[in-house]
Each structure stands twice: as structure tokens, then as C-alpha cells.
Amino acid sequence: FELERLGVHDSVSAVFPPSELETFLADLPVSVEVVDDDGIDACDAVVTRDYHEAMLECAWVHSIQAGIDRFPLDDFEANDVALTNSTGIHDRTIGETVAGYLLAFSRRLHEHVANQQKRRWDRPEWDEAFTLPGTTACVVGTGTLGRGVAETLGALGVRVTGVRRSTDPVPGFEEIYATDDLHAAIGEADFVVVTVPLTDDTEGLFDAAAFDAMREDAYFVNVARGAVVDEPALIDALESDAIEGAALDVFETEPLPEESPLWDLEDVIVTPHCGAFTRDYFRDVGGIVRENVGRLEAGEPLHNRVV
Ligand code: NDP
């Protein structure tokens with residue numbers, strides 16, 4: 001199709017100012033404009049965070065997120081609308097976020113920050129702090145996020161194992177397990193890090209049995225999607241000391257409801273789904289959009305096409 005008008009939907013403002021992307025793409029040979037819901041109709045293509053029904057009239061929709069679980073894929077297919085996503089850009093951001101969680105747990109930084117708010121000079125018990133070299137992290141999902149986590153943790157001396165659907169090796173991972181062997185894989189880890197997409201197969205993958213399989217002194221990290229985890233089972237595991245702690249960027253319900261016990265549990269770090277935030281986000285997304293506008297002009301298949 002002929003691309004004439006590319007909209008930047010204002011829902012991207014949850015991650016960066018839409019005008020930054022508009023300016024960044026201004027040199028493209030198409031008209032680029034920030035649009036609200038009413039403006040979608042007039043576009044052939046939109047870059048967006050949220051789904052809106054009017055997008056089914058476009059020829060191409062680009063998601064600024066890697067996860068496409070909020071888009072009705074069958075409707076895209078039925079209406080012949082191309083959907084592309086932003087996988088490939090979150091390796092370093094998520095890798096550093098996860099490294100930050102692990103360093104907080106090992107060096108007790110989250111406790112110091114909490115104590116500082118209360119002007120309290122409290123030292124950890126003698127046996128609470130530790131160092132990362134020699135610990136093992138099992139990373140479930142070995143795509144962009146998983147590889148970024150493996151690279152960052154590897155540099156800190158952490159031994160990294162991975163879980164994916166096949167057992168083909170992946171650079172940066174010392175050992176790879178198939179999803180069928182998930183419990184064996186996570187059973188030996190000091191840290192379990194979830195980086196899989198939310199699909200029918202991964203929904204509720206981390207249930208009571210998975211938390212049972214984890215070591216009692218292990219930490220659980222979720223930077224994927226809330227629904228990959230059975231949240232009540234996680235809360236049970238934390239409250240009963242079946243696991244040591246958790247760092248969570250994503251939740252079943254977002255924003256995390258005020259009454260959730262997760263806010264107050266010891267050794268739980270809550271971050272508001274911003275593990276991939278960076279002031280360069282619009283440039284990283286813009287790079288994919290620019291590449292795909294070029295491909296459309298050249299009649300080549302779109303990069304990161306999902307539907
Ligand atoms: P990729 O597509 O690059 O990687 C996904 C990986 O998951 C693949 O390597 C795949 O490996 C593996 N996988 C898929 N299904 C299963 C399964 N059933 N069991 C085990 N492994 C599986 O995606 P990204 O790494 O870019 O993103 C992953 C997800 O992370 C996104 O879908 C999104 O939901 C979330 N995300 C969260 C962010 C945040 O802000 N917290 C930021 C970015 C992404 P294989 O094919 O070998 O099974």
C-alpha cells in the first residue's frame with residue numbers, strides 16, 4: 001500500500017512525549033502527525049501503545065511495546081491490517097533493571113532506602129548481605145529481554161541458565177532447559193527471572209507448584225507480564241517464606257491496587273511497569289518505524305511483523 005499519513009497516537013505519552021517521535025521522524029517522505037482517537041481515521045498507519053478499534057481501518061499499526069497481548073490479533077488478520085511490535089530494543093534497559101534488583105537484594109539497598117525515609121540508622125544482620133559472583137540466575141524466556149538480562153548479569157559474575165521451548169543453545173546462557181523441565185531449572189537457581197511473552201501457553205506458568213519448586217532462599221523477578229504469574233500463589237509463597245523475596249515490574253492489575261499485600265511485604269520490590277524506560281525510548285522505537293517505512297517503499301516485508 002501507499003503510505004501517505006503516519007499517525008503517532010497520543011497513547012504513547014505513557015512512555016515518551018508523542019511530539020518527540022513526531023520530530024524524530026519529520027524527515028521521512030510521509031506526513032507524520034500526533035493524533036488522538038478521532039484522528040486515527042485519517043491515517044494509513046499509526047504508531048501506538050494502546051489499541052483502538054479505529055486502527056482496524058489502517059493498513060499498518062506499530063506497537064511501541066514488545067508485548068502485543070493487548071491487541072486483538074484475529075481482528076487484525078481478518079481486516080488485513082499489518083501489526084508490528086518493538087521487540088529487539090529492550091535488552092539493555094531491562095538487563096540493567098534486573099541487575100539493579102539483584103544488587104539491591106545482595107547489598108540490601110532497598111532496605112537502606114526504606115530506612116532513610118524514616119531517618120533510621122539500621123544495619124542489616126551479619127548474614128543478610130552477600131555478593132553475586134557464584135550465584136545462579138535462571139532466566140525464563142531467552143529472547144531480547146532474556147539475552148539482555150544474561151549479558152548484564154553475566155558481567156556481574158552471575159551464572160546464567162535459560163528456559164525456552166527448544167533446548168537449542170543461546171549465547172550468554174551456560175545451560176538451556178526446555179519449558180517442560182521448568183521446575184528442575186528454577187529449582188537450582190538463586191534468582192528466577194521471567195522474560196517470556198504472555199501467551200496461552202505462558203499464562204499462569206508461575207503457579208503454586210512453580211513456587212514450591214523454587215529454593216526457599218531464592219528471589220523471584222518478573223519483568224514480563226503480570227498474568228504469567230498466579231499472583232495469589234506468589235503472595236502465598238512470599239507470606240509463608242517458601243521463597244525469600246521478589247522484584248516485580250508487572251502485575252495482574254495495573255496500576256497495582258492500593259490494597260495489594262505486595263506493597264508491604266518484606267523483601268519485595270515493586271516498580272510501576274517502567275523497567276524498560278529510557279530517555280532514548282522514542283529514538284529506539286523511531287529506528288524500527290523508520291526501517292519499516294523504508295521497507296514499505298522498497299516493497300520489502302516489514303521488520304518485527306506479528307500479523
Ligand atoms: P522475544 O520475542 O524476543 O522473546 C521471547 C522469548 O520467549 C523467545 O526467545 C521464546 O523462545 C520464549 N518463549 C516463548 N514462549 C515460551 C514458553 N512457552 N516457554 C518458554 N519460553 C518461551 O520477546 P522480548 O524478549 O522482546 O519480550 C518478551 C516479553 O517481555 C514481551 O512479550 C513483553 O510482554 C515483556 N516486556 C516487558 C517490558 C517491561 O517494561 N517490563 C518491556 C519489554 C517487554 P523460544 O521460541 O525458543 O521458546
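On a predicted model such as this, the values are computed, not experimentally measured, just so you know. Below, each value reflects all heavy atoms present in this structure, side chains not excepted, and no hydrogens, waters or symmetry copies. Each ligand, and each atom within it, is numbered from 1 in the order the structure gives.
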With heavy-atom distances below 4.0 Å as the criterion, list the atoms of ligand 1 near [X].
X	value
Ala276	40 (O), 42 (C)
Asp249	39 (C), 40 (O), 41 (N)
Thr195	28 (C)
His273	39 (C), 40 (O), 41 (N)
Gly67	31 (C), 32 (O), 33 (C), 34 (O)
Thr87	1 (P), 3 (O), 23 (O), 24 (P), 26 (O)
His90	43 (C)

In plain terms, say whether [X] and [Y] are close enough for a salt bridge, that is, a side-chain N and a carboxylate O under 4.0 Å apart.
X	Y	value
Glu244	Arg215	no
Glu151	Arg147	no
Arg5	Asp41	no

Counting distance only, does the side-chain N/O of Asn292 pair as donor-acceptor with the main-chain N or O of His303 below 3.5 Å?
-> yes
Judging by distance only, is a nitrogen or oxygen of [X] under 3.5 angstrom from one on ligand 1?
X	result
Val250	no
Thr179	yes
Val223	yes
Gly141	no

Does either side chain, that of [X] or that of [Y], offer a donor lying less than 3.5 Å from an acceptor on the other one?
X	Y	value
His62	Ser86	yes
His90	Tyr281	yes
Asp249	Thr271	yes
Thr93	Thr278	no

Looking only at protein heavy atoms, identify the closest one to [atom] and say how far it is in Å.
atom	answer
atom 6 (C) of ligand 1	Gly143 N, 3.6 Å
atom 25 (O) of ligand 1	Leu145 N, 2.9 Å
atom 21 (N) of ligand 1	Val196 CG1, 3.4 Å
atom 3 (O) of ligand 1	Thr144 N, 3.0 Å
atom 35 (C) of ligand 1	Ala224 O, 3.6 Å

Arg165, portion touching ligand 1 at heavy-atom distance under 4.0 Å =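 Under 4.0 Å from ligand 1, Arg165 contributes backbone and side-chain atoms.
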Select one of side chain, backbone, both or neither to describe which atoms of Arg164 lie under 4.0 Å from any atom of ligand 1, heavy atoms only.
-> both
Should we say atom CG of Asp127 is surrounded by more than 12 heavy atoms from elsewhere, each under 6.0 Å from it?
->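 Atom CG in Asp127 is packed in, count exceeds 12.
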Candidate pair His273 and Glu254, rule side-chain hydrogen bond (donor to acceptor under 3.5 Å, both in side chains), full reasoning | CA-CA 8 Å; His273 199 153; Glu254 295 181 10; 2.9 Å; yes
Can Thr202 be said to touch ligand 1, with heavy atoms closer than 4.0 Å?
->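 True for this residue.
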Compare Gly162, Ser166, Pro197 and give the one whose heavy atom is closest to atom 7 (O) of ligand 1.
->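 Considering heavy atoms of Gly162, Ser166, Pro197, the nearest to atom 7 (O) of ligand 1 sits in Pro197.
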So Tyr219 and Phe191, would you call those rings parallel, tilted or perpendicular, with 30° and 60° as cut-offs?
->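 Because their plane-to-plane angle is under 30°, the rings of Tyr219 and Phe191 count as parallel.
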Within 45° of the axis and under 6.0 Å from the centre of the six-membered ring of Phe16, does NZ or CZ of Arg49 qualify?
->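 So Arg49 doesn't make the cation-pi contact.
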